[in-house]
Protein chains: 2
Amino acid sequence: MIDALRMALRSAGLRCTPARLSVLGTLDALGQPVTHADLSAHPDVAGMDDITLYRTLGTLVDAGLIHRVQGIDGAWRYCVQPRDRAGCPGNHPHFLCTGCRRMECLVDQAMPRVRVPEGAEVRGRHFVVYGRCAACAAASAGSGAPG
Amino acid sequence: MIDALRMALRSAGLRCTPARLSVLGTLDALGQPVTHADLSAHPDVAGMDDITLYRTLGTLVDAGLIHRVQGIDGAWRYCVQPRDRAGCPGNHPHFLCTGCRRMECLVDQAMPRVRVPEGAEVRGRHFVVYGRCAACAAASAGSGAPG
DNA sequence: GACTATATGCAGGCGACTTGCAAGAAAGTC
DNA sequence: GACTTTCTTGCAAGTCGCCTGCATATAGTC
């Protein structure tokens, strides 16, 4: 497990430091996009300097090991890159629950195409669907008190 | 022109104040999503207190007169609602130029559908396509020095 | 014109994020 | 295994975007 992370870091040309291993391992274990604050509060990352976490996330994004998506709440969320689609910068839609603020990668779906203005070059697409996840929808339907 | 803005404000249940008229008028004249900073620097809005501008934009968004979209640069951009589609909260894709940081509403295109996790309720979709607009693409192709 | 509810402007503050710099640690070399 | 180089981390400080509270000004109503 750790070896796989080390290999991923090495193949990206990065040094294997405890900070990167723990951040990458945590994101890998979580498997869904999480915010800097979520990570900072996670036991495996707790104690790490906030600035280091910012920089580590930035480094991993630049290296293509993780991607980041912005929710409609303005918070960036970070998620490991699917292993079998190296270099794909989060190229899939995401679902953000406005209740529990959790985000899911909809990795099984292609990013829809859009006609852009004449002459424009598309470099990427950012598609966030927001609403309530099953758990939050059920909770609000049951109690009548959406968070 | 001003009368149309006054009517729009009144029909939304808002008072017609100079701040709202100038913000709404400026957004209407610009016709494309602009940031708080862009607005703040605009001659028609210059001199207005930044906090007032924040609150005015928030009020207009709440009233459904304008909508806001977040670019991948984290900045919220505000744009008037298409008159013929009242109540549509920016329900169309947007194109963001990473060069000049300008955004365009792709109002002629429907927001694509996406399959969300079982049981989830969709409340909205946020689709931003980014890249280079025709002008920036031409400039970088010509000079070889993209901003 | 007077009154009331609302909007505006100012002061102050919080949180997210960045930068600069010095100490510490990982890789490579001998 | 020890040394050196280069990169990373942690701390301090600061910037930027945005919000809150409160006093004053103003729009709308009678």
Side-chain angles (χ1 to χ4, degrees), chain A residues 2-3 5-26 33-42 44-66 68-78 101 103, chain B residues 2-3 5-27 33-42 44-63 65-66 68-78 101 103:
Chain A
I2 291 291
D3 283 343
L5 298 180
R6 299 189 90 93
M7 271 179 56
L9 284 170
R10 294 298 300 163
S11 63
L14 298 178
R15 289 189 178 179
C16 300
T17 68
R20 291 172 182 172
L21 287 170
S22 62
V23 168
L24 201 52
T26 304
V34 292
T35 63
H36 175 278
D38 294 335
L39 267 178
S40 185
H42 194 278
D44 289 356
V45 183
M48 183 185 301
D49 192 67
D50 268 355
I51 288 84
T52 299
L53 185 48
Y54 278 118
R55 284 195 273 220
T56 302
L57 289 170
T59 303
L60 295 177
V61 168
D62 287 344
L65 293 172
I66 65 178
R68 65 176 199 168
V69 190
Q70 199 172 34
I72 56 164
D73 54 359
W76 284 105
R77 287 173 171 77
Y78 301 84
R101 296 169 60 95
M103 185 180 268
Chain B
I2 291 292
D3 283 342
L5 298 180
R6 299 188 90 94
M7 272 179 55
L9 284 170
R10 295 299 301 163
S11 63
L14 298 178
R15 289 189 178 179
C16 299
T17 68
R20 290 172 185 173
L21 286 170
S22 63
V23 168
L24 201 52
T26 304
L27 287 176
V34 292
T35 62
H36 175 280
D38 293 335
L39 267 178
S40 184
H42 194 279
D44 289 356
V45 183
M48 183 184 300
D49 193 67
D50 268 354
I51 285 81
T52 299
L53 183 50
Y54 278 118
R55 284 194 274 221
T56 301
L57 289 170
T59 302
L60 295 177
V61 168
D62 288 345
L65 293 173
I66 66 178
R68 63 175 199 168
V69 190
Q70 200 172 32
I72 56 164
D73 54 359
W76 284 104
R77 286 171 172 78
Y78 300 85
R101 295 169 62 94
M103 186 180 268

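In what follows, chains carry the letters A, B, and so on, assigned in the order in which the sequence lines appear, proteins first and then strands, with residues in each chain numbered from 1. Quick caveat: nothing in here was measured; it's all calculated off a predicted structure.
Counting only Watson-Crick and G-U wobble pairs whose two key distances fall under 3.5 Å, DNA chain D forms stems of three or more stacked pairs at C:1-30 with D:1-30.
Rounded to whole angstrom, the span from the CZ atom of A:Arg77 across to the P atom of C:dA16 amounts to 13 Å. Between the CG atom of B:Leu9 and the P atom of C:dT8 there is a distance of 10 Å, given to the nearest Å. Atom CZ of A:Arg20 and atom C1' of C:dA27 are 13 Å apart (whole Å). Atom-to-atom, CH2 of A:Trp76 to C1' of C:dG15 comes out at 18 Å; the value is rounded to the nearest Å. Rounded to whole Å, the distance from CG on B:Leu57 to P on C:dT8 is 11 Å. Per the geometry, CG belonging to B:Leu39 stands 16 Å off C1' belonging to D:dC18, to the nearest Å. Rounded to whole Å, the distance from CG on B:Asp38 to C1' on D:dC16 is 15 Å.
Remark: A:Ile51, A:Tyr54, A:Arg55 in residues 46-56 of chain A come within less than 4.0 Å of DNA chain C through at least one heavy atom.
Counting all heavy atoms, side chain and backbone alike, B:Cys16 lies closest to B:Arg10 at SG-CD, 3.6 Å. Scanning all heavy atoms of the two residues, the minimum distance from B:Ala19 to B:Thr52 falls at CB-CG2, 4.2 Å. Heavy atoms only, all atoms of each residue included: B:Tyr78 and B:Ile66 are closest at CD2-CD1, 4.0 Å. In terms of heavy-atom proximity, B:Leu14 sits nearest to B:Ala63 at CD1-CB, 3.6 Å. In plain terms, the two heavy atoms of B:Leu57 and B:His36 that are nearest each other are CD1-CD2, 4.1 Å.
A:Val23 is not listed as a side-chain neighbour of A:Thr26, based on a closest heavy-atom distance of 4.5 Å or more. By the 4.5 Å heavy-atom criterion applied to side chains, A:Leu9 and A:Arg6 are not counted as neighbours. Side-chain contact between B:Ile51 and B:Arg55 is present, with heavy atoms from C-beta onward closer than 4.5 Å.
The closest donor-acceptor contact from the side chain of A:Asp62 to the backbone of A:Thr59 lies at 3.5 Å or more, if one exists at all.
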- Criterion side-chain contact (heavy atoms from CB on, under 4.5 Å) on A:Thr56 and A:Thr17, from CA distance to verdict: CA-CA 10 Å; A:Thr56 302; A:Thr17 68; over 6 Å; no
- Yes or no on side-chain contact (heavy atoms from CB on, under 4.5 Å) for B:Arg77 and B:Thr35, after CA distance, side-chain angles and deciding distance? CA-CA 4 Å; B:Arg77 286 171 172 78; B:Thr35 62; 3.6 Å; yes
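A residue-by-residue look at B:Ala75 and B:Leu14 shows that B:Ala75 has its nearest nucleotide of DNA chain D further toward the 5' end.
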Between protein and nucleotides 24-27 of chain D, what N or O pairs are separated by less than 3.5 Å?
{"residue": "D:dA27", "atom": "N3", "partner": "B:Arg15", "partner atom": "NH1", "Å": "3.3"}

